[in-house]
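Shown next, in structure tokens, is the structure this report addresses.
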Amino acid sequence: MGEIVVVREGSGPEVLLVHGGAGPRTTWGALATLADRWTLAYLHRRGYPPSPPPRERQDFEVDALDLAPLLIDRPHVVAHSYGVLGTLIAAAAAPGSVRSLTLIEPPLNYLVPDDPEVARLERIGDAVLTYGMDTDPGELREFLRIAGAPVGDGPLPEGVVAGVRRAHGARPTSQARPRLDAIRDAGVPVLVASGDHAPALERICDALAEALGGRRGVHPGAGHFVAAAPGFAVRLEVFLRQSAV
């Protein structure tokens, strides 16, 4: 399938950045100043140039296979949204290969069973992945707003439409069941972060932090793109330094 591309900037210990549905620059641009002290390794998932397109679809299982060889040098890993799924699968297979994990608003809805808001988020999220632009228009806009896309009341921007089409047909997030116990039992330092913009995501992040024995951070101000929220870069760097053993 061809190798994925990782673009490295800066110097110092490596921080591998794994984006979700939006590209690396949109997701991680606010962390650029960390390159003065850290090597920021911007992974480009399949379908995000200059990496090759996926053979069939966006797939967190394939993401995990792509990530495995990148963990040989034991980097810190920071992952966002859909990108968290492959990250957790890869980390669970070799928990000693990650120095720390920072996990931002992942769609691990199964961690909060019997919650109507979480169940709805899972349903509309899987609908968008399954039906793309043919998703019910109201539900499509609802999901895009939660996902941080710049949508108003008029036609969807071209970039947003392109993102929906790229995600169309992806492996549904409801199928992800990473082995969280393997990561917790290995004592991997974990920070779970959210943006305080969607109650369902807050509850998912609470449950994930508990399952992994991790720390919890809430950083409002940038919606789903928590890395751009005021104070997040500082909080992340403190965590990275504390996890540098």
Side-chain angles (χ1 to χ4, degrees), residues 1-10 14-32 34-35 38-71 75-91 98 101-108 125-126 128-133 135 140 143-151 156-173 175-176 178 193 195 222-228:
M1 292 190 295
E3 294 185 358
I4 59 171
V5 174
V6 178
V7 177
R8 290 177 171 84
E9 298 179 358
E14 182 162 296
V15 181
L16 180 62
L17 301 170
V18 185
H19 67 90
R25 294 299 173 182
T26 298
T27 305
W28 308 120
L31 301 182
L34 296 182
W38 306 84
T39 297
L40 301 182
Y42 297 93
L43 179 145
H44 293 67
R45 294 173 52 238
R46 294 186 184 275
Y48 295 79
S51 285
R55 178 176 293 173
E56 296 180 0
R57 59 178 182 172
Q58 293 288 326
D59 189 334
F60 52 78
E61 296 282 0
V62 174
D63 290 343
L65 295 175
D66 287 335
L67 280 163
L70 301 176
L71 304 183
H76 298 278
V77 184
V78 183
H80 180 250
S81 196
Y82 195 93
V84 173
L85 306 181
T87 295
L88 286 173
I89 294 169
V98 293
L101 290 171
T102 300
L103 311 170
I104 304 173
E105 296 202 349
L108 290 167
D126 279 0
V128 172
L129 296 183
T130 302
Y131 302 110
M133 291 301 297
T135 306
L140 176 60
F143 178 77
L144 290 173
R145 289 190 178 99
I146 294 172
V151 298
L156 295 177
E158 288 184 12
V160 173
V161 172
V164 173
R165 288 177 173 157
R166 179 169 50 206
H168 186 188
R171 184 184 290 272
T173 63
Q175 295 180 12
H224 188 47
F225 291 101
V226 180

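All values below come from the heavy atoms of this structure, side chains included, with hydrogens, waters and symmetry mates left out. Positions are given from 1, in the same order as the sequence printed here.
- Within the 4.5 Å cutoff, the side chain of L17 has heavy atoms near those of the V15 side chain.
- The distance from the CD atom of Q58 to the CG atom of L85 is 11.5 Å, given to the nearest 0.5 Å.
- One finds the CG atom of L103 at 7.5 Å from the OG1 atom of T87 (value rounded to the nearest 0.5 Å).
- L101 is not listed as a side-chain neighbour of V78, based on a closest heavy-atom distance of 4.5 Å or more.
- Considering every non-hydrogen atom in both A222 and A228, the closest pair reads CB-C, 3.8 Å.
- Residues that satisfy the side-chain contact (heavy atoms from CB on, under 4.5 Å) test with P49, not counting sequence neighbours, are absent from this structure.
- The side-chain hydrogen bond (donor to acceptor under 3.5 Å, both in side chains) test applied to H76 returns S100, not counting sequence neighbours.
- Taking CG of L129 as the reference point, atom CD of Q175 lies at 10.0 Å (rounded to 0.5 Å).
- At distances below 3.5 Å, not a single donor-acceptor pair connects side-chain atoms of T26 with backbone N or O atoms of A22.
- Within the 4.5 Å cutoff, the side chain of L67 has no heavy atoms near those of the I89 side chain.
- One finds a salt bridge joining R25 and E9 here, because a Lys/Arg side-chain nitrogen approaches an Asp/Glu carboxylate oxygen to under 4.0 Å.
- Among F225, Y48, W28, the single residue meeting the ring pair (Phe, Tyr, Trp, His ring centres under 6.0 Å) criterion with H19 is Y48.
- H44 places a side-chain N or O within 3.5 Å of a backbone atom of Y42 that can act as its donor or acceptor partner.
- Residues P52 and R46 meet the side-chain proximity criterion, which asks for heavy atoms closer than 4.5 Å.
- With a 4.5 Å cut-off on side-chain heavy atoms, H168 and M133 do not count as touching.
- Using a distance-only test at 3.5 Å, with no hydrogens or angles considered, no donor-acceptor pair links the side chain of T27 to the main chain of P24.
- Remark: R8 pairs with V6, E14, T39, A41 by the side-chain contact (heavy atoms from CB on, under 4.5 Å) rule, at least two apart or across chains.
- Two residues are said to be in side-chain contact when any heavy atoms from C-beta on lie closer than 4.5 Å; L140 and L156 meet this criterion.
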